[in-house]
Every structure is written in C-alpha cells, then in structure tokens.
Amino acid sequence: MRFYIRLFELNLKSQMQYKFSLFLSCIGQFITAFTSFFSIQFIFMQIDAVDGFTYGQVLLCFAVIMLSFSIGEAIGGGLANFPRMVNTGEFDRMLTRPRNLILQTVIPFFDFTRIGLLAQGAMVLGIAVPRSGVEWTVAKAAVLALMVVCGAVLFFCLFMFQAAFAFFTMNSLDFLNIFTYGARQFGRYPFSVYGKKLLGFLTFCIPLALIQYYPLLYLMDETAHPAYWFVPCLSLLFLLPCRALFKLGIRKYKSAGS
Amino acid sequence: MKAYFSLFRIRMIQGLQYRAVALGSVFTRFCWGFMEILAFSAIHQSGGGFSMTFSQTAAYIWMQQAFIHLYNVIDGDQEIEASVNNGSIAYELARPMDLYGNWMAQCLANRLSPTLLNCLPVLAIALLTPVPYRLSFPGVRATGLFLVSTMLALGVAGAIATLMHITMFYTTSQRGVKIIGRAVMGFFGGGLIPLPYFPEAFQKAVGLLPFASTQSTPLLIYSGSLTGRDVAFAMGLQVFWLAVLTMFGHCAMGRTLKRVVVQGG
Amino acid sequence: MIEFQNICKTYRVAKRQAGFGNAVKSLFSREYETVRALDDVNFYIADGDIIGYIGPNGAGKSTTVKVMCGILTPDSGTCLVNGKIPWKERASHVKDIGVVFGQRSQLWWDVPVIDSFELLRDMYKIEEKAYRRNLEELTRLLELTELLKTPARNLSLGQRMRCEIAAPLLHDPKVLFLDEPTIGLDAVSKIAVRKFIRKINEEKGTTVVLTTHDMMDIEALTERILLIGHGRILLDGNLEELKQHVSREKKITVKYTGAAPALSAGMKLRESKENQLTVSLDPRVLPVSAAIAAFAAQTELLDVSVTDISAEEVVAALYKEYRI
C-alpha cells in the first residue's frame with residue numbers, strides 16, 4: 001500500500017512542476033462541462049420534458065454521469081496511454097516489477113485536472129437535486145451515491161476494456177470511445193430516450209443503464225421495488241470480463257522489437 | 001506542389017494500413033451520429049417550436065459525422081506539435097521555406113486525407129438508414145454551395161489550428177490550450193448542438209464569430225436552415241474570417257520566430 | 001541459475017507491400033507471415049556467471065531476454081530462473097532479478113533520482129537497513145552523491161546511465177539483465193560502467209546476462225558467449241574459443257630502425273610503412289617468440305606489439321560464416 005501511495009505522491013509532484021499547465025487544464029475541463037450544461041439548458045428553454053423526464057430529472061442524469069465519468073476518467077483515463085506503452089515496449093518495464101500491473105499503469109497517469117469536471121458536476125447536482133421533483137429520503141440519497149460510485153467503477157472498467165485491446169491490435173481502437181466519451185455525451189439524457197433496443201444493450205452488454213436509468217426510476221418513485229436499490233451494484237459484474245480480457249492480453253503480449 | 005502531393009499520398013497509404021482503425025472510425029461515426037439523431041428525435045417528439053426541423057437536424061448530424069475530420073480544429077497535427085516539442089523545428093527553420101505556409105499546408109493535408117477515407121462510407125450508411133433518420137438530399141444547388149462552403153471551412157479550421165500551434169512557442173501547456181480550444185470550438189462552432197437550437201439573440205451573435213465559419217455554416221447550408229441571402233452573408237463571412245485569420249497568423253508567426261527559443265538544444 | 005529447454009516462440013506478422021493499390025487491397029485481405037523468433041533454444045547459466053549474449057538485430061536476442069524476465073510467454077518449452085517459471089510466478093520472480101534496458105529509462109522523469117530510488121525501495125519492499133547499505137555502496141562506487149538530488153530529465157546520458165544501473169541493484173537481485181548498457185556513452189563512462197559490473201559480479205556473485213553490440217563490453221566483461229541467429233543458439237563458448245574457431249592468426253607489428261627485415265615462413269605481409277611492418281602469423285608454423293627473435297636478428301627493433309584478431313572481427317566473421 002505504501003508503494004502505491006508513494007507512486008501517487010510522485011505523480012502529483014511531477015505534475016505540480018507544471019503548475020500553469022495544470023491550472024489551464026482544470027479551467028479547460030470546467031469550460032467543457034459548462035458548454036455541455038448549456039447545450040441542455042438551451043434545449044429546455046423551448047421544451048418542458050424529454051420522453052417524460054423533466055428538466056430537473058435530466059440534469060440529475062447529467063450530473064450523475066458527469067461525476068462518475070470524471071472520477072472514473074481521472075483514475076482510468078491514463079490507460080489511454082496504454083496502447084502507446086504497449087507499442088513502444090514501455091510496458092516491459094511494468095512487467096519486470098513485482099507489483100500489480102493495472103495499478104502500476106494507472107497511478108502515474110492519475111489526472112488531477114478532472115477536478116474541474118468534478119466541480120462542475122457537483123454544481124449541476126446542486127441545481128438538479130431541488131428541481132428534480134424527487135422526494136428525498138436517506139434511502140434515495142444512498143442510491144444516488146451508489147449511482148455515482150458504481151458509475152465511476154464502470155467507467156474505469158470501460159477504459160480498462162479499451163486499453164486491453166491494445167494487446168491484440170497494436171492500435172488504439174477509437175471506436176471503443178463510444179462507450180467512454182460517448183457515454184458521457186449521451187448519458188446526458190436517460191438512456192430510455194434512445195429506444196428499447198439500445199436500452200437493452202446498455203442493460204445487458206455495457207451496463208451503463210444500470211447506474212443511470214433504472215435507479216433514476218426508483219428515485220422518481222416510478223417503482224418502489226427494493227431490488228432497484230441493488231441495481232447499480234450489478235454493474236460491478238462488468239469488472240469480471242474486463243479483468244479476464246486484460247489477463248488474456250498479457251499472455252498474448254508480444255512486446256516491441258529492438 | 002509535387003512534394004505536397006506525395007506527402008498526401010503517403011498519408012493516405014498510412015491511413016489504409018490500419019484496417020481495424022479505418023473500419024472502426026466509420027463505425028464510430030455511424031454510432032455517434034445515430035445516437036445524436038435519436039436524442040434529437042426524442043426532443044422533437046416532446047414538442048417545442050424549434051427553428052430547425054427534425055429532418056434538417058438529421059441531415060446536419062450525418063454530414064457533420066461524414067466530414068468530421070475536415071472541420072476538426074484541435075486534433076490531428078501531432079507531427080507539428082512533436083517538431084516543436086522535440087526541437088526538430090530547428091531543421092524546418094533552417095530550410096528556405098515559409099513556416100506559416102508549410103504548417104498551413106500540413107494542417108490542410110491532415111484534415112483532408114482522413115476525410116477522403118471516412119466520408120463516402122459514412123454517407124453510404126447514412127443514406128441506407130431507415131426513413132425518419134435517413135440523410136436527405138437538398139438538391140444540386142445546395143450541395144454545390146455546401147461543398148464550396150466546406151472548403152472555406154477547411155481553410156478557416158486550418159488557419160485557427162495554425163494559430164493555436166503558434167502558441168506552442170509561448171507555452172509548454174499545450175494540453176490546457178487544447179482542452180479549452182476543443183470546448184470553445186465545439187460549442188460556438190455548432191459541434192455540440194446546431195446553432196439554431198441556441199436562443200435567438202445569442203444565436204445571431206455567435207453566428208458572426210469565426211468559430212461558426214468552420215462547421216456550422218456549411219452544415220446549415222446543406223440542411224436547408226440557411227437560405228437565400230443568409231447563405232451569401234454566411235459565406236462572405238467565411239471568406240472574411242479566412243482572410244483575417246491567415247493574415248493575422250502570418251504576422252504572428254513572423255513576430256514569434258524573431259524571438260523564438262527552440263526547446264531541447 | 002537459468003535454464004532454457006526447447007523454448008520456441010513465433011510471431012505472426014502481416015505482410016505489407018508497397019504502393020497505393022496494395023494498401024487498398026490489404027483493407028480486405030491480408031497475408032500473414034510466421035516469424036520464428038526462438039526455435040528450440042537450450043542453454044544453462046550457472047550462478048555467478050557473466051554471459052555475453054550476441055547476435056545481429058532481429059536474431060532473437062531481445063526475445064530470449066524478455067522470456068527470462070517474464071515479459072513474454074513462450075509458445076512451448078520450459079524455462080527456470082532461480083527455480084521459478086518467469087511468466088507463471090511473475091511477481092515473485094521479478095523480485096530476484098534486475099533489468100536495465102539501455103534505451104529506456106526506469107527513472108521517473110520529473111523528480112529527483114533519490115525519489116525514484118525510494119519508490120523502488122517501497123516497490124520491492126526492501127528493508128530499510130539493506131536499502132541504506134546498498135544506497136551508500138552504490139553512491140560511493142558510481143559517484144552518485146550530486147546526481148541523486150537532480151531530476152532525471154536534467155542528467156546527461158552518462159550520468160543517467162549510472163543511476164539506471166544503480167536502480168535495479170538496490171534490491172540485491174540474483175540475476176542482472178543488461179540490455180545494451182553502454183549504448184551512446186562516452187569512453188570514460190563506458191569504462192566506469194564496465195568496471196562497476198565486474199565489481200558487482202565479483203563481490204556479490206550476481207549473475208549477469210549482457211546483450212550488446214559493443215564488442216568491447218564483451219571483451220572486458222564476459223568469459224562465456226552465446227551467439228544467436230535465426231532464433232537458434234549457434235555457438236556457446238568463451239571468447240578465446242571463438243577466436244580460435246574463426247582464426248588462429250596473430251598480428252605482429254614491429255617498429256624498427258635500419259634495414260627492413262625479411263619475412264620468415266608462416267608470416268604474411270599485411271602492411272609495410274616507413275620503419276613499420278605488420279604481418280599476420282600462423283603460430284602453428286612459427287611460434288610467436290621465434291618470429292620476434294627472427295626480426296630482432298635482422299634489425300634493431302624499437303617496438304613490438306602482438307595482438308589477436310579483435311572481438312569485433314571475430315563477430316563479423318561469425319555473422320558471415322552463419323549468414324545471419
């Protein structure tokens with residue numbers, strides 16, 4: 001544990017050497033989140049609800065996705081460097097160290113600038129909570145917290161899933177961005193907006209709806225079934241195939257010539 | 001000129017080398033566009049008096065996906081960034097060439113070549129999607145105007161990109177500049193939602209900015225949201241911004257190179 | 001102890017042809033080529049040995065080292081390093097080895113070297129006492145005192161390489177893998193690095209596996225050499241044996257004043273300059289001492305030097321012989 005904490009400190013230390021850059025990136029993340037907030041705001045200046053979801057409820061979705069994405073990406077976003085590390089053989093170095101491979105890869109790239117996105121997400125949540133029409137109880141607040149936490153894990157898994165492909169293709173497969181950056185973009189609206197088939201896909205294949213649409217129904221009292229409580233946790237099952245793919249990838253790892 | 005052509009040819013061959021990447025990128029464009037269209041479909045079904053119809057929006061989004069690399073401002077010029085960061089720019093400076101023109105040409109090639117690979121397959125898929133979502137054809141005249149306006153947009157995008165690359169001489173923080181640039185371009189250029197979805201007064205002001213002269217203008221022409229004199233005005237604005245930005249960029253480059261400190265020895 | 005038995009490893013590589021048409025064609029159908037990187041490789045390395053592992057680019061050198069380090073999983077065969085299978089027990093295996101890739105840095109770029117070292121201490125769970133002792137010793141031997149406070153990015157290549165070599169020795173590895181440790185270094189740094197490797201091997205009994213293109217490294221450090229080509233071990237022996245294998249000839253250069261000496265049987269003229277003569281000698285026909293005596297009898301000798309064929313020449317001859 002001490003090692004991982006030290007690795008984290010070292011990363012912070014290196015990034016702090018470029019303070020201005022860090023600052024500018026934080027501002028940038030904040031502006032990015034701000035523009036997508038406005039794109040919802042503008043739409044709702046002309047309509048009252050989308051697919052039966054009110055402004056406050058859509059904002060709640062938006063905030064949950066943004067919070068969980070910013071946490072998941074701050075931790076897992078560094079895996080975007082993974083194809084490069086595999087291609088240049090930098091990953092060799094990780095393999096010659098007696099520590100967990102994923103943590104070794106992720107911690108040095110932990111992205112502190114995501115705090116800009118996180119701040120914006122928290123602000124939007126602050127706007128959404130009183131306007132969503134949800135009658136808040138302790139149980140509902142807990143579900144909301146679960147949505148964010150499980151969502152963060154799920155986004156992390158998605159980044160890992162994408163990174164693991166680097167073992168097989170030697171190229172970054174950008175189309176998998178649909179499930180990470182795309183999910184952030186399209187998760188602004190409850191996933192039911194995109195139709196039954198896509199909702200099914202996002203329930204059973206890439207379980208993004210489990211941290212957004214279903215628990216939202218519970219918050220809105222559309223259903224009182226206590227099982228919905230548990231739904232966000234189910235998304236954690238996605239960890240298993242991701243881990244398996246990563247393990248398989250290491251076995252197939254070819255390293256770079258030289 | 002011949003040098004530029006062979007540079008271009010190598011790019012194309014490189015692009016084709018990576019099959020999975022090429023096919024994956026077409027697939028991404030399709031998924032991305034389709035999801036956007038579904039979201040707008042739900043929005044339009046919820047009522048509201050939008051100044052852009054649903055089928056216009058669908059056309060806007062499909063064309064945006066097909067030409068996305070062409071309108072892109074921020075990404076795709078890795079070799080220019082690398083040349084400044086690792087100091088190999090020193091070679092370029094030693095050559096009897098105009099660096100601004102050279103960068104601009106590279107920027108244009110970097111945007112044009114992936115578009116040629118990407119655009120036809122995406123358009124084909126967009127024409128095959130079921131009806132309410134299908135890409136509509138606005139007629140020969142509008143398409144011709146769209147193509148001209150797209151070329152102007154490419155120029156404006158390249159000019160803005162080159163200006164951003166010049167900032168590399170002043171800051172080591174490219175990442176921050178890029179994130180901010182991406183957000184601003186996406187929002188004011190009609191990348192997140194088309195400008196007609198903006199509140200009216202705001203929309204008018206934003207339309208005058210150089211950002212709207214990239215993707216927004218050609219896409220609005222194709223989708224039929226801009227018609228008649230508005231088209232002439234918007235395209236005139238594109239020409240204006242292209243001229244201003246290249247002139248400004250040229251001067252900025254000249255001034256910068258006078259005080260340049262090449263990094264890395 | 002390192003043991004390699006019947007290790008094979010193949011790669012599948014997409015064939016690519018030049019030209020625009022072929023690039024388009026390869027979008028739809030693609031031919032693959034199987035490359036045998038390692039083809040039934042066998043060898044045994046005892047504890048405390050220094051092994052020079054040589055071969056041209058693409059011969060399978062890096063692949064072998066990467067299998068030993070646990071980076072690559074071979075297709076078949078068994079490999080034991082310190083009694084462990086590297087790719088199966090990765091974490092416990094790599095605790096016993098140290099790796100230096102000359103072309104890549106293992107130090108954290110933006111922070112002082114000492115921070116990297118402390119991170120390694122935690123990474124390998126090195127006891128504080130052992131860490132202190134090793135750090136002091138390495139600092140003394142490699143003269144690191146000033147360098148430790150400097151961020152790695154501000155070090156010169158030679159300075160950095162000294163730190164790179166110190167880093168994997170902090171955890172007292174049983175085996176040290178050095179992949180081109182002297183590449184790009186100036187002469188002084190090269191000699192310092194070689195001296196240090198010798199010392200570590202002698203004092204701690206560390207097994208050293210050295211891959212390099214610099215034959216001076218081999219000459220200075222190793223007794224045993226493994227030559228690999230086309231994925232097979234072609235030769236396994238000490239440098240002297242390899243020299244004998246290639247050529248037994250000695251080169252004699254004499255400087256003299258007065259009349260030029262005549263050549264005896266068994267000598268061949270290589271070069272003749274003013275007051276200087278170079279011949280190659282077959283010691284089976286004429287012993288070296290007899291040859292020198294013959295020269296001395298004819299003229300006044302100012303200087304005599306006798307050299308073997310150089311390691312550089314040996315390797316060039318071997319590559320040629322095996323067509324690798």
Side-chain angles (χ1 to χ4, degrees), chain A residues 17-53 111 113 116-117 165 168-179 181-183 185-195 197-198, chain B residues 17-52 74 133 171-200 202-203:
Chain A
Q17 297 208 346
Y18 306 96
K19 280 201 192 66
F20 180 67
S21 175
L22 205 62
F23 173 73
L24 216 56
S25 300
C26 284
I27 298 289
Q29 304 281 11
F30 190 80
I31 296 177
T32 307
F34 213 58
T35 57
S36 54
F37 169 71
F38 265 109
S39 68
I40 294 181
Q41 192 72 23
F42 287 167
I43 299 279
F44 274 94
M45 284 169 81
Q46 294 166 69
I47 53 173
D48 299 324
V50 169
D51 195 32
F53 293 93
D111 186 357
T113 65
L117 199 59
F165 271 94
F168 305 99
T169 66
M170 288 279 161
N171 275 312
S172 67
L173 287 183
D174 288 341
F175 81 83
L176 291 167
N177 279 344
I178 300 172
F179 300 124
Y181 297 95
Q185 171 94 344
F186 302 117
R188 287 179 300 180
Y189 300 108
F191 284 121
S192 62
V193 159
Y194 302 99
K197 279 180 198 150
L198 266 166
Chain B
Q17 290 283 337
Y18 302 107
R19 173 168 56 173
V21 173
L23 297 179
S25 137
V26 171
F27 182 68
T28 312
R29 290 337 338 152
F30 167 72
C31 290
W32 204 278
F34 198 63
M35 291 290 281
E36 288 275 13
I37 290 171
L38 284 176
F40 275 106
S41 160
I43 289 165
H44 275 269
Q45 276 166 23
S46 312
F50 294 107
S51 61
M52 204 174 177
I74 312 296
Y133 312 119
T171 165
T172 49
S173 161
Q174 267 312 288
R175 180 161 183 246
V177 173
K178 274 175 137 180
I179 295 175
I180 294 175
R182 213 175 281 137
V184 170
M185 287 305 309
F187 189 61
F188 293 113
L192 272 179
I193 51 171
L195 296 190
Y197 286 91
F198 283 30
E200 204 156 331
F202 196 53
Q203 183 188 327

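Labels below follow one simple rule: chain letters A, B, ... track the order of the sequence lines, proteins then strands, and each chain is numbered from 1. A quick note: this is a predicted structure, and the numbers were derived from the prediction, not measured. Values below: all heavy atoms of this structure, side chains included; hydrogens, waters and symmetry mates excluded.
Side-chain contact between L198(A) and L38(B) is present, with heavy atoms from C-beta onward closer than 4.5 Å. For the pair F34(A)/F187(B), no side-chain contact is recorded, criterion being any heavy-atom separation below 4.5 Å from C-beta on. In this structure, the side chains of I43(B) and Y189(A) come closer than 4.5 Å at one or more pairs of heavy atoms. Two residues are said to be in side-chain contact when any heavy atoms from C-beta on lie closer than 4.5 Å; R175(B) and T113(A) meet this criterion.
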Yes or no on side-chain contact (heavy atoms from CB on, under 4.5 Å) for L192(B) and F38(A), after CA distance, side-chain angles and deciding distance? CA-CA 10 Å; L192(B) 272 179; F38(A) 265 109; over 6 Å; no

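Interface summary for chain B: among G52(A), C26(A), S25(A), the most heavy-atom pairs under 4.5 angstrom belong to S25(A). The most heavy-atom pairs under 4.5 Å with chain B, out of Q29(A), R188(A), M45(A), Q185(A), come from Q185(A).
When all heavy atoms are compared, the tightest approach of W32(B) to N177(A) is CZ3-O, 4.4 Å. Closest non-hydrogen pair, I180(B) versus L24(A), comes out as CD1-O, 3.9 Å. In terms of heavy-atom proximity, I178(A) sits nearest to C31(B) at CD1-CB, 3.4 Å. For the residue pair A183(B) and I31(A), the shortest heavy atom distance occurs at CB-CG2, 3.9 Å. Counting all heavy atoms, side chain and backbone alike, A42(B) lies closest to V193(A) at CB-CG1, 3.4 Å.
Ring centers of Y197(B) and F42(A): at least 6.0 Å apart, outside the cut-off.
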